[in-house]
Amino acid sequence: MKGRDQSVDIAGLDGAWNRSWPECPPEARRLRHRFPERWARFHALPEGKRYATSDAEHAEILRRHHALLEDLLGDATVGDGGLVAITCSWSATGSPTPRDSTVAATTPGAAHWRSDDLATEPGFHSWWHFYVSAMDLRDPALDRLLLCVADDMTDGVILTEPACAWAVHPYDGGVDVFAESIGVRDELVSAYAAWLPSTLQGT
């Protein structure tokens, strides 16, 4: 049902993620490090502008995200479901903590999926608690979540599909796409060349 969280098969998602992204948590920096050949970066606004300052720019951010997601979803674009939204909370311990109220309001029925200690220095702990909810490309909750990210009110969001063949990481200023294959990645880079950063980091 549009506008409301749908349940996710947690066990199925866990298996699918581990098959597609082995030994890698659902975190963009680690995905870029482990799978650089499948990664592309796109700007969310013309000329790399980071934050929207008008309704028209917010609309452009949504237009670009939807275009990329529609291409990735393909035939699954039509109908309910099809997307899995991953959101986060953070803590110093392995016990899941509630998400920030702003992001929780976009996906209030999200279920805890997994927790990973992503600290990079010995002796320190940085637990990421990942929550998941299913949604449709046309679900208003998706746009609310994307704008929450675009306005720098949350981080760590990953969008994927039940088989986890690809992953999308929206952030304030752009989007990282981890495609199913190098070929698909190259097709996206060609189709949306005008949205690429001026450097070669996204190509």
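Residue indices begin at 1 and follow the sequence shown. It should be emphasised that the depicted structure is a prediction, and the values quoted were computed from it without experimental measurement.
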Test side-chain contact (heavy atoms from CB on, under 4.5 Å) on Thr160 and His169; report intermediate values, then the result. CA-CA 9 Å; Thr160 186; His169 168 60; over 6 Å; no
With heavy-atom distances below 4.5 Å as the criterion, would you say the side chains of Lys49 and Thr53 are in contact? yes
Would you confirm whether Ser190, through its side chain, and Glu187, through its main-chain N or O, come within 3.5 Å as a donor-acceptor pair? no
Just how far is it from atom CD of Glu57 to atom CG of Asp55, taken to the nearest 0.5 Å? 10.0 Å
Under a 3.5 Å threshold, yes or no: a donor from one side chain and an acceptor from the other, between Thr93 and His125? no
Quick one: side-chain hydrogen bond (donor to acceptor under 3.5 Å, both in side chains) pairs with a partner in residues 172-184, sequence neighbours left out? Arg32-Asp176, Trp39-Asp176, Arg41-Asp176, Arg50-Asp172, Tyr51-Asp172
Which pair of non-hydrogen atoms, one from Ala85 and one from Leu145, has the smallest distance, and what is that distance? CB-CD2, 4.0 Å
If hydrophobic residues (ILVMFWY) are linked whenever their side-chain heavy atoms come closer than 4.5 Å, directly or via other members, who joins Met153 in its cluster? none
Within the structure provided, determine whether Leu137 and Leu83 are in side-chain contact (heavy-atom separation under 4.5 Å). yes
With distance as the sole criterion, is a donor-acceptor pair present between the side chains of His58 and Asp151 under 3.5 Å? yes
From CG (Asp14) to CG (Asp9), nearest 0.5 Å: 10.0 Å
Compare every heavy atom of Gly156 with every heavy atom of Trp128, then report the nearest pair and how far apart it is. CZ3-CA, 4.1 Å
Trp166 versus Leu69: any side-chain heavy-atom pair under 4.5 Å? yes
With a cut-off of 6.0 Å (strictly less than), are more than 12 heavy atoms of other residues, nucleotides or ligands near CD of Glu23? no
From the list Ser89, Ser95, Ser91, side chain to side chain donor-acceptor pair (under 3.5 Å) with His129 holds only for Ser91
State, with a plain yes or no, whether a side-chain heavy atom of Thr102 is found less than 4.5 Å away from one of Thr154. no
Kindly indicate, with the supporting measurements, whether the criterion side-chain contact (heavy atoms from CB on, under 4.5 Å) is fulfilled by Leu159 and Leu142. CA-CA 10 Å; Leu159 300 172; Leu142 174 61; 4.0 Å; yes
So CZ of Phe178 and CD1 of Ile158: to nearest 0.5 Å the spacing works out to 6.5 Å
Hey, could you give me the CZ/CG distance between Arg144 and Leu147, rounded to the nearest 0.5 Å? 10.0 Å
Using every non-hydrogen atom in the two residues, find where Gly174 and His65 come nearest and quote the distance to one decimal. O-NE2, 4.0 Å
Starting at CH2 of Trp113, measure out to OG1 of Thr87 and round the result to the nearest 0.5 Å. 11.5 Å
Does a side-chain heavy-atom distance below 4.5 Å link Val84 with Ser133? no
Which atoms form the tightest heavy-atom contact between Val189 and Ala40, and what is the distance? CG2-CB, 3.8 Å
Distance, nearest 0.5 Å, that separates CH2 of Trp90 from CG of Asp100: 8.0 Å
Is the Trp21 ring parallel, tilted or perpendicular to the Trp17 ring (thresholds 30°, 60°)? tilted
For Leu45, the other hydrophobic cluster members (4.5 Å side-chain criterion, sorted by chain and number) are Ile61
By salt bridge (Lys or Arg N to Asp or Glu O under 4.0 Å), which residues pair with Glu27, not counting sequence neighbours? Arg30
Looking only at non-hydrogen atoms, find the nearest pair between Pro22 and Arg34 and report the distance. O-NH2, 3.1 Å
Going by atom types alone, do Asp152 and Tyr171 pair a side-chain donor with an acceptor below 3.5 Å? no
Just by distance, do the side chain of Asp139 and the backbone of Met135 share a donor-acceptor pair under 3.5 Å? no
Side-chain (Asp117) to main-chain (Ser126) donor-acceptor, under 3.5 angstrom: yes
Any donor-acceptor pair under 3.5 Å linking the side chain of Ser20 with the backbone of Cys164? yes
Would Asp143 and His66 satisfy side chain to side chain donor-acceptor pair (under 3.5 Å), going step by step from the backbone distance to the final call? CA-CA 9 Å; Asp143 287 355; His66 276 260; 2.7 Å; yes
Under 4.5 Å between side-chain heavy atoms, counting indirect links through other Ile/Leu/Val/Met/Phe/Trp/Tyr residues: same cluster for Tyr131 and Leu146 or not? no
In terms of side-chain heavy atoms, does Thr107 have a donor or acceptor partner in Arg99 at a distance below 3.5 Å? yes
Linking I/L/V/M/F/W/Y whenever their side-chain heavy atoms sit closer than 4.5 Å, directly or via other members, would Val157 and Trp127 fall into one cluster? no
Do you know the tightest heavy-atom contact between Val8 and Ala134? CG2-N, 3.4 Å
Between Ile10 and Ile86, is there a shared hydrophobic cluster once you connect ILVMFWY residues whose side-chain heavy atoms come closer than 4.5 Å? yes
For residues Arg64 and Pro46, determine if any side-chain heavy atom of one lies less than 4.5 Å from a side-chain heavy atom of the other. yes
So, does Glu161 use its side chain to make a donor-acceptor pair with the main chain of Ala165 at under 3.5 Å? yes
Tell me whether Arg38 contacts the main-chain N or O of Val184 through its side chain, where contact means a donor paired with an acceptor under 3.5 Å. no
Between Leu31 and Cys24, does the side-chain contact (heavy atoms from CB on, under 4.5 Å) criterion hold? Intermediate values first, please. CA-CA 7 Å; Leu31 285 167; Cys24 188; 3.8 Å; yes
How would you list, by chain and number, every residue that makes a side-chain hydrogen bond (donor to acceptor under 3.5 Å, both in side chains) with His112, sequence neighbours excluded? Ser115
So the ring-ring contact (aromatic ring centres under 6.0 Å, His included) pairs with at least one residue in residues 138-164 (sequence neighbours excluded) are none
